[in-house]
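Take a look at the structure below.
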Amino acid sequence: MITKATAAVLRKPHGKFSFETIDLGELRSDELLVRIEACGVCHTDAVAQDITPLPAVFGHEGTGVVEAVGSGVSRVRPGDRVVISYPWCGTCPSCVEGRGYICDYFIPLGFAGARLDGSKTITLKGKKVSGAFFQQSSFATHSITTERSVVPIKDHVSPEMLAAIPCGIQTGAGAILNVFKVGPKDGLAVFGTGAVGLSAVMAGKIAGASPLIAIDVVEDRLALALELGANHAINAKGGNTLERIREIAPRGVEFSFETSSNEQALSDAMECLSMGGKCGIVTVPHLPGKFPFTPWGLFTRGGSLHCIMQGFSIPSTFLPKLIELNKQGRFPYDRLIKTYDFKDINKAFEDTKAGKAIKPVLKMS
Ligand SMILES: [Zn+2]
Ligand SMILES: [Zn+2]
């Protein structure tokens, strides 16, 4: 069965998306067809434009209603509402151990624009093009994904609230709660107050981090970080960020979390640690850029640098937990969301680049 869908297709890196009709092919036994209701926009959708072969359909934070399932699918049925999170192969040693967030095949599953065997899910004007981005390509009215990637959602939660969480917000909250396991009185410095950084701030508050310091160069983001739980805000434009952190935490902080991709921020994040502290990073410079850093600060403190993928989260349990924390008023990520009609996808990308939207979410229906 071939399904026609409307997708936002990108033909040139960092160009404009155009709306085109695509054909989605037959479902494999472990796959499902989802009618997409909403999809978040994440920094990775921009970075990947230099990696994934074009033309391509991006989008990796889809949510919607299952329309059809392959013969081997048992966890979800047509009519179920699902959130689509990161892909994992299910058979490599990491996946078998229950750590799909570090699946051996994360890069090809995420960025090759095809299934792991190289086959494509999307045909555009008779030609196979890159789809299966994060095994979903959800900037479209319909998406083929795998049973492993989806989390069924029983509660009534709006599509925009669901589409906001399965990547960046999960990453920020997961870094603090799953990876660092921050405890009360642990100091935490969060560099960059976009969606990932602010999620880390909210999670830091839940964990009781103190001091909880937010660092950025945009005043209104810092003001929001203070409202969401930071107890100190530092505008890095003023310089001397490290000295200012040391004034607040003379021994340094137990944990730092760098989300901005700025090389001074990474240096400060490594230098502001207390003895034995941990620095987490979630971004890299755009290729072929490099971070010119010395591990001196880490070395002299017995510290460590941790690259954190997806907050080391298991979406089937972690996403419902974030939704529940939101209902309790303890994780108010709704304050980060800006909703756009799907037709305004180019505006959503422009606004994100200009810093006018923290967590854009596209609404398909
Ligand atoms: Zn795997
Ligand atoms: Zn993402």
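Starting from 1, each residue takes its place in the sequence as its number. Treat the numbers as computed from the prediction; the structure is a model and nothing was measured.
Using cut-offs of 30° and 60° for the angle between ring planes, the Phe134 and His60 rings count as tilted. Between Phe17 and Phe349, the angle of the ring planes lies from 30° to 60°, which puts this pair in the tilted group.
Contact of the Leu273 side chain with the Cys279 side chain is registered, since non-hydrogen atoms from C-beta on lie closer than 4.5 Å. Side chains of Ile245 and Ile248 form no contact here, defined as non-hydrogen atoms less than 4.5 Å apart. The closest side-chain heavy-atom distance from Glu324 to Arg330 is not below 4.5 Å. Two residues are said to be in side-chain contact when any heavy atoms from C-beta on lie closer than 4.5 Å; Lys278 and Phe180 meet this criterion. In this structure, the side chains of Ile337 and Met161 come closer than 4.5 Å at one or more pairs of heavy atoms. Counting heavy atoms from C-beta on, the side chains of Leu24 and Leu33 come closer than 4.5 Å. A heavy-atom distance below 4.5 Å is found between the side chains of Phe58 and Leu10. Side-chain contact between Leu325 and Tyr333: absent, with no pair of heavy atoms (C-beta onward) separated by less than 4.5 Å.
For Gly174 against Ser313, the heavy-atom pair with the smallest separation is CA-OG, 3.9 Å. Of all heavy-atom pairs spanning Ile144 and Gly25, the tightest one is CD1-O, 3.5 Å. What you find for Ile84 and Ser138 is that their closest heavy atoms are CD1-OG, 4.0 Å. Between Glu254 and Lys185, the shortest heavy-atom contact is OE1-O, 4.3 Å.
When each of Thr259, Thr193, Leu198 is checked for a side-chain contact (heavy atoms from CB on, under 4.5 Å) with Asp216, only Thr193 meets the rule.
The existence of a salt bridge linking Glu147 and Arg28 is excluded, since no basic side-chain nitrogen approaches an acidic carboxylate oxygen closer than 4.0 Å. The pair Arg115-Glu31 meets the salt-bridge criterion, since a charged nitrogen lies less than 4.0 angstrom from a carboxylate oxygen. Ion pairing between a basic and an acidic side chain is recognised when a charged N comes within 4.0 Å of a carboxylate O; Lys359 and Glu61 show such pairing. Ion pair Arg335/Glu227 flagged as a salt bridge, since at least one NZ, NE, NH1 or NH2 atom sits closer than 4.0 Å to an Asp/Glu carboxylate oxygen. A salt bridge between Arg75 and Asp80 is absent, with no side-chain N of the basic residue lying under 4.0 Å from a carboxylate O of the acidic one. Ionic pairing of Glu350 and Lys356 is not present here: no N-O contact between side-chain nitrogen and carboxylate oxygen is shorter than 4.0 angstrom. A salt bridge links Glu37 with Arg81: the closest approach of a Lys/Arg side-chain nitrogen to an acidic carboxylate oxygen falls below 4.0 angstrom.
Asp268 places no side-chain N or O within 3.5 Å of a backbone atom of Leu242 that could act as its donor or acceptor partner. Using modelled atom types, one side-chain atom of Thr300 and one backbone atom of Trp296 make a donor-acceptor pair closer than 3.5 Å. Put simply, the side chain of Asn262 gets close to the backbone of Gln264: a donor and an acceptor are under 3.5 Å apart. Between the side chain of Gln136 and the backbone N or O of Gly62 there is at least one donor-acceptor pair closer than 3.5 Å. Between the side chain of Ser267 and the backbone N or O of Glu263 there is no donor-acceptor pair closer than 3.5 Å. Ser94 places no side-chain N or O within donor-acceptor distance of the main-chain N or O of Arg99, the cut-off being under 3.5 Å.
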Point to revise | Trace of the side-chain contact (heavy atoms from CB on, under 4.5 Å) decision for Thr241 with Phe191 | key: CA-CA 10 Å; Thr241 300; Phe191 292 76; 4.2 Å; yes

Practice item. Kindly indicate, with the supporting measurements, whether the criterion side-chain contact (heavy atoms from CB on, under 4.5 Å) is fulfilled by Asp30 and Arg148. Key: CA-CA 8 Å; Asp30 63 339; Arg148 284 183 298 283; 3.6 Å; yes

Point to revise | Stepwise ring pair (Phe, Tyr, Trp, His ring centres under 6.0 Å) check, Phe139 with Phe133 | key: CA-CA 10 Å; Phe139 290 160; Phe133 180 66; 8.1 Å; no

Exercise for review: Could you walk me through whether Leu109 and Tyr86 pass side-chain contact (heavy atoms from CB on, under 4.5 Å), step by step?
Suggested key: CA-CA 9 Å; Leu109 284 169; Tyr86 62 79; over 6 Å; no

Point to revise | Criterion salt bridge (Lys or Arg N to Asp or Glu O under 4.0 Å) on Glu20 and Arg11, from CA distance to verdict | key: CA-CA 11 Å; Glu20 305 193 38; Arg11 292 175 179 275; 2.9 Å; yes

Practice item. Walk me through it: do Val41 and Val361 pass the test side-chain contact (heavy atoms from CB on, under 4.5 Å)? Key: CA-CA 6 Å; Val41 174; Val361 173; over 6 Å; no

**Study point:** Step-by-step ring pair (Phe, Tyr, Trp, His ring centres under 6.0 Å) determination, His306 to Phe257
**Key:** CA-CA 9 Å; His306 203 145; Phe257 187 50; over 10 Å; no

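Linking Ile, Leu, Val, Met, Phe, Trp and Tyr residues whenever their side-chain heavy atoms come within less than 4.5 Å places Val282 and Ile102 in a single cluster. At a threshold of 4.5 Å between side-chain heavy atoms, the hydrophobic network of Ile, Leu, Val, Met, Phe, Trp and Tyr places Leu336 and Val218 in two separate groups.
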